[in-house]
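Below is one structure, written out as structure tokens; comments come after it.
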Amino acid sequence: MLTGTSRFDVNLSILFTELPLLERPAAAAAAGFTAVELWWPWPDDPAPPQAGLDALKKALDDAGTRLVGLNFYAGQLPGPDRGALSVPGEESERFRANVEVAADFAASVGCTALNALYGNRVDGVEPRVQDALALENLVMAARAADRIGATLLIEALNKPESPRCPLVSAESAIKVVDRVNAATGLGNTAFLLDLYHLSMNGEDLNDAIDRYADRTRHVQIADNPGRGAPGTGSLPLEDLLGRLRATGYDGWVGLEYKPGDRPSAESFGWLPG
């Protein structure tokens, strides 16, 4: 069982997915959570009708759950996509169409962390072209985040599950963070440290925490192997989160794990009582 003072929020795009979207905040609240996070909830629509946005806000408000993390549009998640902002053509345009929509929705519910997934490499397009497009779109996202007093997050994924994504190490994500901050001068772009993804890449997690905790503004966890709840794999998550706290990190820790062959509400037995 994890102990300590970590603040846990539940990711409603991977947990409670057995329920319709608008029922998930109440289910999270019933399980004892006051905070939640989401991938962009409309993977086919970067700019959904206002009625849909209003309905989600009402569901969050009625449940008494605070949204503490939101992804910008990133294509099909879960699915083949790993983001849209570095993909030329329609996907990049969809990301751009989403930037102000996502920022406005985040502002309406008090969310101050917006995650921008980089995207896969594309056949026939030079990496430098994709990287230039990514920087342009991330600058736009950082400015939108700054407008609402939010942080733009950059996340490293893992190579075994995302072989075409170029951000598959903490160092690669940090380099993008630095490029965006240098381009905007805003200083509001930071690292999303996902311990599951970094472990899948074989990184030294203690070293990653020591090197990058001061650049980290959000953390996500799942056990490895299996991407299940803490205790289902072999990661020393209690020790790792304790190390994070010792660095001064007091932000949210998002539970981004698969519940397994059981209802999501039954996957929290590892939590402190």
Side-chain angles (χ1 to χ4, degrees), residues 2 4-43 45 48-74 77-78 98 101-117 145 148-153 155 190 192-196 216-222 227-230 237 241 249-260 262-273:
L2 295 184
T5 58
S6 295
R7 297 191 297 165
F8 295 110
D9 72 87
V10 61
N11 188 304
L12 297 182
S13 297
I14 194 169
L15 286 157
F16 295 108
T17 57
E18 64 269 30
L19 299 173
L21 173 64
L22 297 183
E23 295 179 18
R24 295 176 204 170
F33 293 93
T34 60
V36 299
E37 60 184 60
L38 280 165
W39 304 339
W40 183 247
W42 298 275
D45 194 349
Q50 188 62 42
L53 296 162
D54 292 343
L56 179 55
K57 181 182 185 304
K58 184 176 187 302
L60 292 164
D61 291 344
D62 289 350
T65 50
R66 177 185 167 195
L67 188 68
V68 297
L70 177 67
N71 283 16
F72 286 108
Y73 170 83
L77 295 180
N98 175 249
V101 175
D104 286 344
F105 179 75
S108 76
V109 295
C111 177
T112 57
L114 290 162
N115 185 26
L117 291 177
I148 66 165
T151 297
L152 175 68
L153 298 171
E155 177 180 9
L192 191 165
L193 193 161
D194 186 309
L195 290 170
Y196 168 74
T216 298
R217 296 296 178 270
H218 193 69
V219 172
Q220 291 174 333
I221 63 170
R227 199 172 185 173
L237 288 168
L241 292 179
Y249 179 79
D250 62 355
W252 292 99
V253 175
L255 308 182
E256 197 182 43
Y257 62 73
K258 299 175 182 178
R262 56 184 169 175
S264 296
E266 297 177 11
S267 71
F268 304 113
W270 57 271
L271 277 166

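Contact record, E256 with A222: O-CB, 3.7 Å, taken as the closest heavy-atom pair. The heavy-atom pair separating W252 from R66 by the smallest distance is NE1-NH1, 4.2 Å. In this structure, R24 and L19 approach most closely via the heavy-atom pair NE-O, 2.9 Å. Taking each heavy atom of A116 and L152 in turn, the nearest pair found is CB-CD1, 3.8 Å. Of all the heavy atoms in A113 and A150, the pair that sits closest is N-CB, 4.3 Å. The heavy-atom pair separating L255 from L15 by the smallest distance is O-CD1, 3.6 Å.
Side-chain atoms of R227 and I14, non-hydrogen and from C-beta on, do get closer than 4.5 Å to each other. Annotation: side chain of W39 is in contact with side chain of N11 (closest heavy-atom distance under 4.5 Å). P25 is not listed as a side-chain neighbour of D62, based on a closest heavy-atom distance of 4.5 Å or more. In this structure the side chain of L53 reaches within 4.5 angstrom of the side chain of P48, judged on heavy atoms. Using a 4.5 Å heavy-atom cutoff, the side chains of L56 and V109 are not in contact. The shortest side-chain heavy-atom distance between F72 and L114 falls under the 4.5 Å cut-off.
At distances below 3.5 Å, at least one donor-acceptor pair connects side-chain atoms of E18 with backbone N or O atoms of S264. A donor-acceptor pair under 3.5 Å is absent between the side-chain atoms of W42 and the main chain of Y73, judged by distance alone. One N or O on the side chain of Y257 and one on the backbone of S267 form a donor-acceptor pair closer than 3.5 Å.
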Inset, instruction - Assess whether side chain to side chain contact (heavy atoms under 4.5 Å, CB included) is satisfied between L12 and T65, documenting all intermediate values. - result: CA-CA 11 Å; L12 297 182; T65 50; 6.0 Å; no

Inset, instruction - For side chain to side chain contact (heavy atoms under 4.5 Å, CB included), just list the numbers for W40 and L70, CA-CA rounded to whole Å, side-chain angles, deciding distance to a tenth of an Å, and then say yes or no. - result: CA-CA 7 Å; W40 183 247; L70 177 67; 4.2 Å; yes

Legend entry - Residue pair K57, F105: steps toward the side chain to side chain contact (heavy atoms under 4.5 Å, CB included) verdict: CA-CA 8 Å; K57 181 182 185 304; F105 179 75; 4.1 Å; yes

Inset, instruction - Determine, stepwise, if the pair D9 / V36 fulfils side chain to side chain contact (heavy atoms under 4.5 Å, CB included). - result: CA-CA 5 Å; D9 72 87; V36 299; 5.5 Å; no

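To the nearest 0.5 Å, atoms CG (L237) and CD1 (I221) are separated by 5.0 Å. Taking CD from Q220 and CG from L153, the interatomic distance works out to 8.5 Å, rounded to the nearest 0.5 Å. To the nearest 0.5 Å, the span separating CD on E155 from NE2 on H218 amounts to 9.0 Å. Note that the CD1 atom of I148 and the CG atom of D104 stand 7.5 Å from one another [nearest 0.5 Å].
F268 and F33 have their aromatic ring centers within a separation under 6.0 angstrom.
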